[in-house]
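Notes follow once the structure below has been shown.
A note on names: the letters A, B, ... follow the listed sequences, proteins ahead of strands, and every chain is numbered from 1.
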2 protein chains.
Amino acid sequence: MVTLRDVANKAGVAVSTASYALNNSSKISLATRKKVHKASRDLGYQPHGIARNLKKQKTETIGLFLNDLSGPYYSEVIQGVQDVVSAHGYDLIVGSASGGTNSTAYKFLLEKRVDGAVILAPKINDAEISRVAKASLPIIVLDRRLDSDYIKYVLIDNLNGAYQAVSHLINRGYHKIVYLSGPEDSFDNQERFKGYQRALLENGFNLMPQRIISGNFTEKEGYQVISGFLAQEERIDAIFSANDEMAIGAIQAIREMSFKIPDDIAIVGFDDIRLASYINPPLTTIRHPKYEMGRFATNMVFQVLHGSKAESVVLPTQLITRQST
Amino acid sequence: MVTLRDVANKAGVAVSTASYALNNSSKISLATRKKVHKASRDLGYQPHGIARNLKKQKTETIGLFLNDLSGPYYSEVIQGVQDVVSAHGYDLIVGSASGGTNSTAYKFLLEKRVDGAVILAPKINDAEISRVAKASLPIIVLDRRLDSDYIKYVLIDNLNGAYQAVSHLINRGYHKIVYLSGPEDSFDNQERFKGYQRALLENGFNLMPQRIISGNFTEKEGYQVISGFLAQEERIDAIFSANDEMAIGAIQAIREMSFKIPDDIAIVGFDDIRLASYINPPLTTIRHPKYEMGRFATNMVFQVLHGSKAESVVLPTQLITRQST
DNA sequence: CAAATATAGTGAAACGTTTCTAATAAAAAG
DNA sequence: CTTTTTATTAGAAACGTTTCACTATATTTG
């Protein structure tokens, strides 16, 4: 391995001089700067990032930590984060949070391998996040309401989004509306449920426990639980699914039982994933600004890093009406 | 920041002793080991990963570098890589290669921030990869045929896949088959074109230049170029699209012009992305083992890292017949 | 022309670990 | 009772940078 020392030797200067020269410090005369650069090029010198990080006590890297790297849902968020990180001349690394306290995410946070982080990973709990955040490692969370000096959140307005969705169903004349739920411990799910509840109550309907069906945000589960539900006696006329994935499964279940969508049963999802507009019938859903979330969050990371205050924020959602209602 | 030195002081031992103790070396008596662990816990000590990396001259991190982090196409590959990396107790970081020589990908490779890498990013060119690969940094590429001591490839059998696709069309009686091409400089595209060509020639058809339409792998482009093509006089009866994205765009174009699929025009894609089975009509396509690619590649990284030889490999593809043909 | 200042370069410490080698003390062997 | 071995701990160097404090020249100033 060719180190700075080798370059310095070849150029016939001290290693400190070589360092200054390569960083183009004005302390070093142009002539020796040239000499050092040449030596560096000749030897094919590459600075050792890790050594530099250690000395400078920073990595100029921002981490984005996700529950699971393969969720297609994330891609727009990632893009937003990437754009802002690059704009600041930093690097972005994406890591997984699966594996709990010995996940890559947790390790990198703990070991100061990143200078800031955006977290969208329910698997890392609040206490752990609070423990590692500091002035030199601000954290923005996208999946919970957590706020302190060095931790801010960017959320979407889940509650209002769900409220919009269910109100829309009610306005169209659907009254027996099922809530197809995500996992109980999901923050998003909880908020969306609140929105469902509020829309019902404000329109004079009761919350009927038998119309709350629990799922886990996956298409498969959506298919299965809705198949099961429709096979029983109670008739309903609409479904509000806590996310699009389950809604897609539900649509398949509904069609298999030869109910007509939206005439017999209407359905609204949440997220506006790509598939939503391609499925048959195209799915009415709640769109939220995923790319913007990424941008907001990352800008906040840099704000805190630069010593200014950042304010947590909740972004609005939008009802996208398609043929499923 | 609490360092090993602090722990050592608190425990009343030398820092070397503290290091051995925390790493549970048998050189240190159980009594002092306990003492040091306690001091560590009391102070909330966290080892500094960067410092350790520098000293040990390794990071125990594998990089996966993609052209662009937001491609949903990658998610299965990522999963395969992640699974193998975790199984080896290493960490995975995913980084972008966009930005060329000052992309995160390139920087991390150059600066030895990872111990091995899987690359699926045409934006990084062969020369650069060859330059950085070494025994202590093996690289597996997924998007080209590049082979040396420390560089191996895992590819899918693009040529045969395309051959299967076009043969299938011919067997079904379609004879005027358009090739909807990806970018000329894409390795995948080149191979797929060769497969198209071979299938035609082997079945006694000629390659007709006006039936080669250039696209860029995006849905939008697929829609536009096929719309334009169909508006002109020449009648065709099938399209082989170099990927599913373009095929989806093409399907929309075809339907808008009220041709029937597959009666008037049949279409086959390549990749078997998720949307392929949801689109109307469901798309016949070539499936390839994306998850397996990730697994193979990552296993090879570790093989080379452990000093054994790895063999580049080409994985088979599979024709998935759906209603578009 | 002496004194003050600017310029160019150097040496060494530091970042936080790991690990080699040496030192000490206790135990075993002769 | 001396010598050798073993167990435990300590000291110091090393990983590859950056940067502080300093020296030695060269230049400016009064």
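- Applying a 4.0 Å cut-off to non-hydrogen atoms, none of the residues of residues 107-114 of chain B approaches DNA chain C.
- Between Glu60(A) atom CD and dT18(D) atom C1' the separation is 13 Å, expressed in whole Å.
- Protein atom CG of Asn9(B) is 13 Å distant from nucleotide atom P of dG16(C), rounded to whole Å.
- Following rounding to the nearest Å, Leu22(B) (CG) and dT19(C) (P) show an atom-to-atom distance of 13 Å.
- Within the nucleic acid shown, Thr17(A) comes within 4.0 Å of at least one base atom, counting heavy atoms only.
- Side-chain proximity of Leu54(A) to dT19(D), dG16(C), dT17(D): nearest is dG16(C).
- Side chain to side chain, Asn23(A) and Ser25(A) fail the donor-acceptor criterion of an N or O pair below 3.5 Å.
- A side chain to side chain contact (heavy atoms under 4.5 Å, CB included) with Tyr153(B) is found for one member of Ile139(B), Leu142(B), Val314(B), Ile140(B) and no other, namely Val314(B).
- In this entry the distance linking CE of Met1(A) with P of dG16(D) reads 6 Å, nearest Å.
- Residue contacts shown for Ser19(A) include a base, since a base heavy atom lies under 4.0 Å away.
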List, one per line, each side-chain donor-acceptor pair under 3.5 Å for residues 3-18 of chain A, sequence neighbours excluded.
| residue | atom | partner | partner atom | Å |
| --- | --- | --- | --- | --- |
| Thr3(A) | OG1 | Arg5(A) | N | 3.1 |
| Asp6(A) | OD2 | Thr3(A) | N | 2.8 |

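- For the helix from dC1(C)-dG30(D) to dG30(C)-dC1(D), the axis fitted to the five pairs at one end and the axis fitted to the five pairs at the other end meet at an angle of 50° (nearest 10 degrees).
- Residue Ala14(B) is the one, among Lys56(A) and Ala14(B), whose nearest nucleotide of DNA chain D lies closer to the 5' end (criterion: closest heavy atom).
- Side-chain polar atoms of Thr59(B) and Asn53(B) form no donor-acceptor pair below 3.5 angstrom.
- The aromatic rings of Tyr90(A) and Phe302(A) lie perpendicular to each other, with more than 60° between the two planes, well past the 30° mark.
- Within residues 23-45 of chain B, the residues that have a heavy atom under 4.0 Å from DNA chain C are, in order of number, Asn23(B), Lys27(B), Tyr45(B).
- For the pair Arg144(B) and Phe187(B), the cation-pi criterion (under 6.0 Å, within 45° of the ring axis) is not fulfilled.
- Considering only residues two or more places apart in sequence or on other chains, Asp147(A) meets the side chain to side chain donor-acceptor pair (under 3.5 Å) condition with Lys152(A), Ser312(A).
- Side-chain contact check for Ser86(B) and Gln82(B): at least one donor-acceptor pair (N or O, by modelled atom type) lies under 3.5 Å.
- Distances from the side chain of Ser16(A) to the nucleotides dG16(C), dT10(C), dT17(C) place dT10(C) closest.
- Among Leu120(A), Leu109(A), Val141(A), Val118(A), the one residue that satisfies the side chain to side chain contact (heavy atoms under 4.5 Å, CB included) test with Phe65(A) is Leu109(A).
- Going from atom OH of Tyr20(B) over to atom P of dT19(C) covers 7 Å, rounded to whole Å.
- Within the structure, every side-chain polar atom (N or O) of Gln57(A) is placed at least 4.0 Å from both OP1 and OP2 of dA14(C).
- Between Arg5(A) atom CZ and dG16(D) atom P there is a gap of 10 Å when expressed in whole angstrom units.
- Listed by chain and residue number, nothing satisfies the side chain to side chain donor-acceptor pair (under 3.5 Å) test with Asn299(A) (two or more places apart in sequence, or in another chain).
- Asp6(A) has its CG atom 13 Å from the C1' atom of dT17(D), to the nearest Å.
- The distance from atom CZ of Arg52(A) to atom P of dT17(C) is 21 Å, rounded to the nearest whole Å.
- Stacking of Lys27(A) on the aromatic ring of Tyr20(A) is recorded, both the 6.0 Å distance cut-off and the 45° axial limit being met.
- Counting non-hydrogen atoms under 4.0 angstrom, Ala51(A) reaches a base of the nucleic acid.
- Between the side chains of Ser75(A) and Gln79(A), no donor N or O sits under 3.5 Å from an acceptor N or O.
- Nearest nucleotide to the side chain of Lys55(A), out of dA10(D), dA14(D), dT17(D): dT17(D).
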